[in-house]
S.K.: 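Sharing a structure with you now.
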Amino acid sequence: MIVEIGHFALILAACVALVQGVLPLAGTLNDNQRWQALAKPAATLQFLLIAFSFAVLAHGALTDDFSIKYIAGHSNSLLPTQYKFASVWGGHEGSLLLWMLMLSGWTLAVAIFSRTLPLAMVARVIGILGLVSTGFLMFILITSSPFERLLPAPADGKDLNPLLQDPGLVIHPPMLYMGYVGFSVAFAFAVSALLSGRMDAAWARWSRPWTIVAWIFMTAGIALGSWWAYYELGWGGWWFWDPVENASLMPWLFGTALIHALMVTDKRGGFKAWSVLLAIGAFSLSLLGTFLVRSGVLTSVHAFASDPKRGVFILIFLAVVVGVSLTLFAWRAPKATLGGKMGLVSRESMLITNSVLLVVATGAVLLGTIYPLIVDALNLGKLSVGAPYFNAVFVPLMVPVVFLMVPGGIAHWREARWAQLGHDLRLPALAAVLAGIAIWTLTERGTWLTAMGLALATWVVVGLLTQIAIRLKKPGRIPPSFWGMHLAHLGIAVITVGITMVKSYEVERDVRMGLNDTVTIENYSFELVGVSDVNGPNYKAIRGDVKVTKDGKYLEMLYPEKRKYFSSAMPMTEAGIDSGFFRDLYVSLGEPIEGERLQWSVRVFYKPFVSWLWYGAILMVLGGLLAVSDRRYRKSATTLA
Amino acid sequence: MKKFLIPLGLFLGLVIFLAVGLNRDPREIPSPLVGKPAPAFSLNTLDANAPKFGPQDMKGKVWMLNVWATWCVACREEHPVLVAFSKANQLPIVGLSYKEVQPQDEPSGKKFTPEEKLQFARDRSALWLKRHGNPYVLSAMDLDGRVGIDYGVYGVPETYVIDKDGVIRYKRVGVVTPELLQSTILPLVQKLNAS
Amino acid sequence: MNLQSVFLKWVCVASWLLFSCLAPLQAKEAALLAEDPVLEKRLIHISEELRCMVCQNESLASSRAELANDLREEVRKLIREDKSDSQIKEYLVTRYGDFVLYKPEVKPLTWVLWFGPFLLLVLAIMGMAYYLRQRQGAQKGSPVLSDEDRRKVQEILKSGDAP
């Protein structure tokens, strides 16, 4: 019974969303204050209804209600509790309900934190979000309802995919969706600016904190996904250029571009049209990602089960939302005024160059991701575009982006002074060149790429230290956003070091090990001292006991496992990992090998600096949080900061 | 200003490609072997008394090569269709028994000798065909899958139609359905027989 | 307890440890799964650029599927026959089509793919530089009032307050 009420709540939510979408927007057209004022209460009501609906589904999962088809398909009575909860978003229908929960949540947040915004603007922003919500809710209700019944109810559920039975599932999708959906706020602000015809810099000021928060979640979500793949999949990889991964990277790149472009629009009133376009683009890429993942047009290890009917619906939705926005853009954007004077070489031009480069990089990723589809659609055959392509194209495009982080922070607004730039950049340049030469000459295994990567990272780190030193000498309070920016940029440098080192110096050994056999990498020794059987809550496993010694001294034990879940034929590898600041030791247990001695195939990795990938991401998230905490975002709109 | 229409133009182009893509199956991969001569091989067959078989033995006839195995679940779905089709005597169907002997078939600690492997495969296949019907004029035993690689086999069952000159004219990855036989395979066979 | 006896004690303990480590005489340095590490290195390098035909989206290097094992064995055989990288790829493309290559060949069909991004980069930078220069020209002599300032002025004028 409660399930049907949950379903009904969704239907109500769709109606409320429609009202929320249509009336406030209409109210701005005919200056009807009452209709405009409907926005906030409608947003609140919508959130409550969807939260209730979500709670009903979660309740169904937690109480093993297998009369719900979705729960029967993705959960199981033997599942540990946290995974029963997470199974709510383990499949297509439930993950869409999570998406809606987040969208209505973000809308409510806009309603709450907009006290100082003019009513008409609030009405527009919430109205636009309401229209988007209506589309998604219709999609859920018509093609993907999680509340369908399965009668007679089976005795037990099909179980959650073993790969997903991991803490990663509990946190990665929610973080990622918060990011995807969060860009809808910047989108709504941008489109509302277009609708009002007043494309002034104010919308940029109001968008900035929302964009940064969405970006923070997106960064965390992507990093968590990468980290999860690393320790869960058992082969030590952390990025595969899989279409679904690309679907998350693209909005992130645009979001980063948007954050930087908004600085220019906010401070100097310039590039309004470009910022609006980026805001539309970031959310459009979120929607495109949704389409790619759920429609079946691309093969991916990640994709949900596909259904052409769903694909058609999402495509139409995507076409309408983005098509209308871009039409509005073509109509209204030309009217935007120019903004302040800016020199050819200035902080503004560097920030805009950054966003242009990021847009090109996004274009490259998009091209590579859908090229197989384009070639097939033109009946020119079937081809694959994989990691080798993306690595060859994306990395060179990102090098100038990272490089520009330093002069971009040093250059003055309006007009950069060459003398000052040259003076301030001397130290970072020197340090970078020295670092590059040192790596090139002192180490045997590295390549010129290693030298370049580390030189780049040195450039960034010494560059930001230089900027901090310069700023500290000046009087006046330093705002948190200053520290935030440098912390985030430091995070990028740290990630650069991680990627460069791990790609240049990682060692992999594929060996067959019998009892008490050892394998050595660098000064670490791995000895297989035992193999035992393990009974898990919903799986059986073989566990290897690996003794690790460093320079002959005992370090620790690692326990790689090969699991066989009752519900799936697919065996799962749980790697034994020792994560250190400067290196990871990674052991993966394979199949037993027949022979006179019983042996197992074992893969041992030595991965230097791989943790720096996650440390860098944490720094970026912290940097973003600092930036957002800046008091000027909380000042009222009437005071001009 | 027209440049502001560029984003919309690019987007609409993208949507058109995505719409076309929705009707395509990204997993359906055309074979590069269509139009090329069927790769030669010489394999033992199911019948221990018969000589080895190769595609050159079928020169002058239009014939069908069907890749199968007793462990293949989808083959079971396709098999009755093939058995019925073989009774119509439209063209000879040759089976290619693909990697019939799997690692788990070998007793633990021991490996089969090549002769043992062949015998095991023959016994199990013969039993299976007796139970489910035999549409094949003969079945070549590709025990290690090497011939499969030459034919670009990546998913069992797969079916080829080969013409009188030994050129592959059609490849089907996946189950052969009655509809497929009617709509595609039979007309092709008739056309090839006529030439 | 003097230093000497402490030292002796540790020597005894160390020797005992050493012997107990040596005791399982069958234990040895684990053999590489591969017969020939040089060949394996080349195999990994080539198979990272090839696609596993039966997986959703995995390279031939990392997949554990049966066909992937077979194809890797096939590549090993070709390496032993001294075939070059491009010959090996050609061998597989003849049988499985372009789909098996994760790194698309550079041919007219893929020119847009390989050169598109860099072309786009060049066009974008040129376009931006052109726009900035145009902008400079348009703004020479125009007042430096941002929209913010303009609104302030309007408000002040409307409210009738003295500046």
Side-chain angles (χ1 to χ4, degrees), chain A residues 243 273 276-278 280-281 284 288 291-292 295-300 303 306 308-312 314-316 318-336 363 366-367 370-379 381-384 591-596 598, chain B residues 1-36 71-74 101-114 116-117 120 144 152-156 158 168 170-174:
Chain A
V276 163
L277 191 59
L278 287 176
I280 294 177
S284 306
L288 179 67
F291 171 77
L292 290 174
S295 63
V297 289
L298 296 170
T299 36
S300 158
S306 64
K309 192 166 74 150
R310 289 172 179 169
V312 171
I314 305 180
L315 187 60
I316 294 177
L318 175 70
V320 167
V321 170
V322 180
V324 168
S325 312
L326 288 178
T327 310
L328 203 56
F329 174 79
W331 176 30
R332 286 283 168 87
K335 304 204 178 77
L366 181 63
L367 186 63
I370 62 172
Y371 207 74
L373 190 124
I374 294 177
V375 167
D376 189 14
L378 293 171
N379 278 323
K382 299 258 191 202
L383 48 76
S384 302
E591 298 298 329
I593 302 167
E594 302 296 323
E596 330 103 22
L598 193 55
Chain B
M1 281 183 248
K2 274 202 291 237
K3 65 174 175 182
F4 285 87
L5 280 169
I6 295 178
L8 181 65
L10 289 173
F11 176 69
L12 288 176
L14 176 67
V15 170
I16 292 174
F17 277 117
L18 293 176
V20 176
L22 268 180
N23 295 318
R24 302 298 168 95
D25 181 3
R27 300 294 302 159
E28 204 184 285
I29 301 146
S31 173
L33 292 169
V34 173
K36 302 256 171 53
W71 48 258
C72 158
V73 177
V101 182
Q102 298 276 295
Q104 56 263 31
D105 295 326
E106 293 177 323
S108 53
K110 252 180 39 130
K111 267 189 116 56
F112 277 148
T113 65
E116 284 173 331
K117 211 170 176 186
F120 185 93
D144 57 9
V153 169
Y154 63 91
V156 194
E158 292 186 8
I168 298 177
Y170 173 80
K171 178 180 176 183
R172 160 77 175 171
V173 176

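The sequence lines fix the lettering, A, B, ..., with proteins before strands; numbering per chain opens at 1. Quick caveat: nothing in here was measured; it's all calculated off a predicted structure.
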S.K.: Would you say that Phe329(A) contacts Leu277(A) through its side chain, given a criterion of any heavy-atom pair below 4.5 Å between the two side chains?
M.R.: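 With C-beta onward as the side chain, the pair touches.
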S.K.: In chain order, what residues pass the side chain to side chain donor-acceptor pair (under 3.5 Å) check against Ser284(A), with sequence neighbours excluded?
M.R.: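 With sequence neighbours excluded, Ser284(A) shows a side chain to side chain donor-acceptor pair (under 3.5 Å) to no residue whatsoever.
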S.K.: Which bit of Leu12(B) is near chain A, if near means a heavy-atom gap under 4.5 Å: side chain, backbone, both or neither?
M.R.: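 Looking at Leu12(B), nothing touches chain A.
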S.K.: With sequence neighbours excluded, what pairs up with Asn23(B) under the side chain to side chain donor-acceptor pair (under 3.5 Å) test?
M.R.: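 Side chain to side chain donor-acceptor pair (under 3.5 Å) check on Asn23(B) returns nothing, list empty.
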S.K.: Of the listed residues (Thr327(A), Ile374(A), Ile316(A), Ile280(A)), which shares the most heavy-atom pairs with chain B below a 4.5 Å separation?
M.R.: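 Among the listed options, the one with the most contacts to chain B is Ile374(A).
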S.K.: Using non-hydrogen atoms only, which part of Leu373(A) is less than 4.5 Å away from chain B: side chain, backbone, both, or neither?
M.R.: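 For Leu373(A), the contact with chain B is made by the side chain alone.
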S.K.: Taking Leu18(B), Val20(B), Leu14(B) one by one, which has the highest count of heavy-atom pairs under 4.5 Å against chain A?
M.R.: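 The answer is Leu18(B).
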S.K.: Which one, Ser325(A), Gly381(A), Gly323(A), leads in non-hydrogen pairs under 4.5 Å with chain B?
M.R.: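 Heavy-atom pairs under 4.5 Å are most numerous for Gly323(A).
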S.K.: Quick one: closest heavy-atom pair of Arg24(B) and Asp376(A), and the distance?
M.R.: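 Scanning both residues completely, I find the closest heavy atoms to be NH1-O, 2.6 Å.
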S.K.: State the CG-CD1 distance between Leu298(A) and Ile370(A), to the nearest 0.5 angstrom.
M.R.: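 Result: 8.5 Å between the selected atoms.
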